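Just below is one structure, and these are the notes that go with it.
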Amino acid sequence: MARWCYQHRLVVLVLWVGVLFGVGAVGTSAGSDYSNDFALPGTDSTRANELLEKARPGGAGDAGTVVWRVADGSVRDADVRSRIEPALREIAGMDGIGEVSGPYADEPGAAARISEDGRTAYAEVAFAQRANSVPTELAEAVVDTARAAAGDGLRVEVGGQAIARIQQATGGTSELVGIAAAAVVLFLAFGSFFAMLLPIVVAVFGVGIGLFSTMLLSHGTGIPDLAPLLGSLVGLGVGIDYALFIVTRHRRALLHGEDPVTSVGVALNTAGRAVVFAGATVCIALAGMLVMNLRFLDGVVIATTLTVVLSVLAAVTLLPALLGFLGPRVLSRRQRRRLAEEGPERGATSGLAVRWSGQVQRRPKSLVALALVALTVLALPVLSLRLGATDQGNHPEGQTTRQAYDLLADGFGPGFNGPLVVVAEGAGPDAVRRLTARVEGDEGVARVSALPPAGGVSVVQIVPTTSPQSEDTDRLIDRLRNDHLPRAGVDGHVGGVTAVFKDFAEKTGERLPYFVAAIVGLGFVLLLIAFRSLLVPLTAAVMNLVAAAASFGVVVAVFQWGWGLELIGLDRSGPISAFLPVIMLSLLFGLSMDYQVFLVSRMHEEWMHTRDNARAVRVGLAETSRVINSAALIMICVFLAFVLSGDMEAVVAGAGLAVAVAVDAFILRTALVPALMHLLGRSNWWLPGWLDRRLPHLAVEGSEVPPGTGRSGTASKPGAGGPATGGSAVHGFIRTVEGGPVAGAVVTLRSVDGGTLDRVRSLADGSYVLAAPAPGAYLLGVAEEGGAEHTRRVTTGDGPLVQDVELAEDGVDVR
């Protein structure tokens with residue numbers, strides 16, 4: 001497929017461009033219909049809201065609030081009324097507004113809309129539609145009209161969900177910042193403008209089509225307004241990373257002398273396979289959210305999974321086509337010039353990566369201890385995790401919704417922004433009076449008012465003394481349900497936005513263990529099949545849980561405790577939104593599996609060649625750490641850019657996932673996992689025989705060998721090249737007489753009649769691995785760059801043969 005896309009690159013590019021612009025045009029014309037549904041069937045708050053709808057049929061529209069406050073005097077003063085009343089009448093006359101209920105009307109309850117000190121008042125603006133359906137122009141008109149009355153000591157602010165929607169940061173700001181940061185990292189990694197551009201273009205196609213498709217799907221199924229933001233967050237991260245892995249492998253093959261079309265085939269057959277597997281694991285982890293059986297999360301699964309699938313498709317089809325357009329220009333000018341003048345590069349890994357890998361092998365116990373201490377410190381705050389919901393009190397201080405929230409809290413008490421309602425069907429006047437009397441005596445209640453019954457439903461409004469996010473408000477809801485209602489003899493239900501979020505948080509907490517078990521179990525099974533080992537997937541599962549604990553610890557410390565909150569432009573802490581742990585765990589487990597696959601697949605390949613665990617871990621870490629760290633740095637930049645989104649949930653998710661990726665890549669995969677694998681030794685690769693026979697075979701990363709060639713690309717006999725099934729291996733180190741490593745030496749394995757079976761170059765530490773098709777006698781040839789080859793006869797058995805080689809001026813000494 002890679003070769004076809006490379007050779008028919010214009011067709012592939014036209015198809016992708018056509019799909020992007022086609023879906024974009026349809027999605028833009030249709031618009032979006034996002035909706036946030038936190039209700040859970042069977043909960044007390046849901047039943048209360050159903051009864052409210054019965055009492056007030058047709059009252060489905062959302063309400064906004066116009067709040068004003070005077071610096072001196074009273075809101076009842078004539079000059080204040082002369083400015084506010086015309087504005088309220090103008091708002092009431094707008095198309096799409098049901099009614100406006102202010103404090104100056106001659107109706108019951110109007111006076112209650114003025115604070116006790118007379119300096120603050122509010123008016124309720126009833127929209128004809130739900131907040132997500134209110135036209136942007138209407139919401140902007142309400143804000144502009146209301147705030148135009150301000151001045152000369154009079155402040156006017158506007159709150160409500162419909163108003164909050166128009167205050168979100170300009171669409172695309174976070175994405176553009178993330179792309180710009182990723183571009184800088186890619187340019188530093190590649191040193192080539194075109195190579196830098198490729199992963200970004202691929203990610204933009206995947207994310208763009210995904211976002212437009214999500215807009216269209218929102219008309220047919222419930223998708224929350226947070227879903228496209230999370231979809232772009234994940235899509236940009238994985239899209240750029242997946243393309244990075246493939247482009248890196250392609251560039252390496254070009255530098256080793258492969259022609260471009262062969263190099264693309266090799267890259268897709270190796271890194272491309274790993275990308276497809278990694279993308280599948282991310283989708284499976286996202287699908288784990290369905291275990292929660294929460295309607296709100298179903299839309300998140302749809303948006304994020306669709307974007308990941310499109311990103312993988314772009315990486316394995318569009319990317320080869322773009323590589324075909326660039327040809328050798330995917331290399332930097334300096335690399336192309338050096339390749340033309342000096343020929344193919346030596347196959348040596350960078351010195352820093354090799355040195356670090358050696359340090360991990362020499363000091364595994366110390367590294368494990370240090371890593372565990374660091375992770376424990378980061379994870380400790382997670383013990384204080386409290387699930388709840390954010391509200392407009394968490395908005396940036398400069399937004400009008402936040403100002404309206406604060407004015408209402410100052411004028412009417414902190415609980416005014418989160419009133420509760422007790423709804424009872426068939427309750428008589430005496431029962432309602434008993435309930436009202438009991439509730440009024442509760443120390444957590446500021447005000448109680450019973451509304452006239454409607455449709456056989458009685459409603460009691462309760463204003464708590466504490467804010468909606470306070471634990472005391474949660475305890476008040478419990479007292480209402482478990483104490484006040486039963487003792488008053490009323491069969492009622494507690495509703496309101498605060499009660500809905502409390503029930504949502506409780507249900508989420510109850511189902512969270514099943515969700516974690518599902519995604520950990522699925523990940524374990526996938527890695528078990530891929531690497532045919534018990535300890536490798538077990539270690540990955542434990543490490544994923546450790547990374548999750550560390551990232552949530554940081555989230556709790558910053559967003560719940562408020563440590564350093566002002567550094568990211570926020571000034572008020574609160575509980576963590578109940579759905580965020582589920583979303584973040586899904587994404588974290590999927591992304592962690594990516595890095596585990598890329599790291600361990602190289603180790604597994606080396607193990608299959610040599611059956612030497614220490615060498616497998618050392619070489620695997622040395623050859624993959626740089627690209628994993630680069631990929632992680634890109635993803636961290638993308639995630640941190642979403643701090644600019646203006647959406648509190650996206651800010652928390654972006655910051656939390658950035659920490660999780662940093663912990664995963666720079667502590668777990670770079671130090672803790674390889675150190676543990678050194679300590680575990682050959683046990684890493686143990687699998688009971690009965691289980692091995694029953695598991696299906698899955699090749700995560702294919703061979704770099706084109707069909708019919710050895711790993712060097714030269715012709716070979718059938719069965720030669722790569723880890724031949726039923727064969728053996730020859731491995732060791734190439735040294736100088738003084739004992740120093742010889743990097744880039746050409747090491748060849750030949751049959752006794754001179755036919756080439758395998759050929760490699762020694763790595764920076766002097767190591768090499770050759771694959772033999774079967775036990776027997778062979779010729780081992782070693783030559784330094786540009787020097788004569790020295791050959792010795794070697795004999796392999798059923799296991800790998802260790803042959804260290806010492807190069808001297810008068811020949812080669814095979815030990």
Side-chain angles (χ1 to χ4, degrees), residues 31-35 52-53 55-70 73-115 118-168 225 392 395 399-408 411-412 416-417 419 451-452 454 461 497:
S32 62
D33 189 20
Y34 300 124
S35 60
L52 277 175
E53 181 65 24
R56 298 184 301 164
D62 275 329
T65 308
V66 178
V67 190
W68 58 98
R69 182 182 181 89
V70 293
S74 170
V75 294
R76 296 183 179 90
D77 295 342
D79 60 331
V80 175
R81 295 186 59 169
S82 66
R83 294 162 65 179
I84 292 294
E85 287 184 309
L88 295 181
R89 283 195 297 269
E90 183 177 349
I91 292 173
M94 294 179 181
D95 186 23
I97 300 296
E99 62 176 336
V100 177
S101 304
Y104 306 131
D106 184 15
E107 60 182 32
R113 300 188 182 103
I114 299 178
S115 64
R119 296 177 56 198
T120 306
Y122 70 92
E124 294 178 344
V125 179
F127 291 97
Q129 298 173 295
R130 302 293 294 178
N132 56 287
S133 301
V134 173
T136 301
E137 297 79 10
L138 175 59
E140 290 175 343
V142 170
V143 173
D144 293 341
T145 302
R147 300 192 75 180
D152 297 330
L154 175 65
R155 286 181 58 192
V156 183
E157 305 293 347
V158 188
Q161 291 299 319
I163 309 303
R165 289 179 65 244
I166 67 171
Q167 291 188 125
Q168 294 175 356
D225 52 18
Q392 293 175 20
H395 288 184
Q399 292 188 356
T400 188
T401 49
R402 167 64 184 277
Q403 296 296 323
Y405 184 99
D406 289 343
L407 288 177
L408 289 172
F412 299 91
F416 191 83
N417 286 293
L451 303 182
Q461 291 185 335
V497 175

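Everything quoted here is computed from the prediction, not taken from an experiment.
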Evaluation steps, side-chain contact (heavy atoms from CB on, under 4.5 Å), between Gln403 and Val67 = CA-CA 9 Å; Gln403 296 296 323; Val67 190; over 6 Å; no
Derivation of the side-chain contact (heavy atoms from CB on, under 4.5 Å) call for Ile163 and Val134 | CA-CA 9 Å; Ile163 309 303; Val134 173; over 6 Å; no
Let me see the working for Arg76 and Ile114 under side-chain contact (heavy atoms from CB on, under 4.5 Å), right down to the final yes or no.
-> CA-CA 9 Å; Arg76 296 183 179 90; Ile114 299 178; 3.7 Å; yes
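Nearest heavy-atom pair, Val142 versus Ile91, reported as atom, atom and distance to 0.1 Å: O-CD1, 4.0 Å. Nearest approach of Ala149 to Leu154, heavy atoms of both residues: O-CD2, 3.4 Å. For Ser101 against Arg113, the heavy-atom pair with the smallest separation is CB-NH2, 3.5 Å. Of all non-hydrogen atoms in Arg81 and Pro86, the two that sit nearest each other are O-CD, 3.8 Å. Of all heavy-atom pairs spanning Thr401 and Gln392, the tightest one is CB-OE1, 3.5 Å. Taking each heavy atom of Thr120 and Val75 in turn, the nearest pair found is N-CG1, 3.9 Å.
The side-chain hydrogen bond (donor to acceptor under 3.5 Å, both in side chains) search around Glu90 returns none, not counting sequence neighbours.
How far CZ of Arg69 is from CZ of Arg119: 4.5 Å, rounded to the nearest 0.5 Å. Atom CD1 of Ile97 is separated from atom CG of Leu138 by 4.5 Å, given to the nearest 0.5 angstrom.
Residues Tyr122 and Val66 are not in side-chain contact: their nearest non-hydrogen atoms beyond the backbone lie 4.5 Å or more apart.
No donor-acceptor pair closer than 3.5 Å links the side chain of Asp144 to the backbone N or O of Ala141.
A salt bridge is absent between Arg83 and Asp79; no separation between the charged side-chain nitrogens and carboxylate oxygens falls under 4.0 Å.
Of the residues listed (Leu408, Val125, Leu407), the one engaging Thr65 in a side-chain contact (heavy atoms from CB on, under 4.5 Å) is Leu408, and it is the only one.
Side-chain polar atoms of Glu157 and Thr400 form a donor-acceptor pair below 3.5 angstrom.
Ring geometry for Tyr104 versus Trp68: interplanar angle of 30 to 60°, hence tilted.
Aromatic ring centres of Tyr405 and Phe416 lie farther apart than the 6.0 Å criterion allows.
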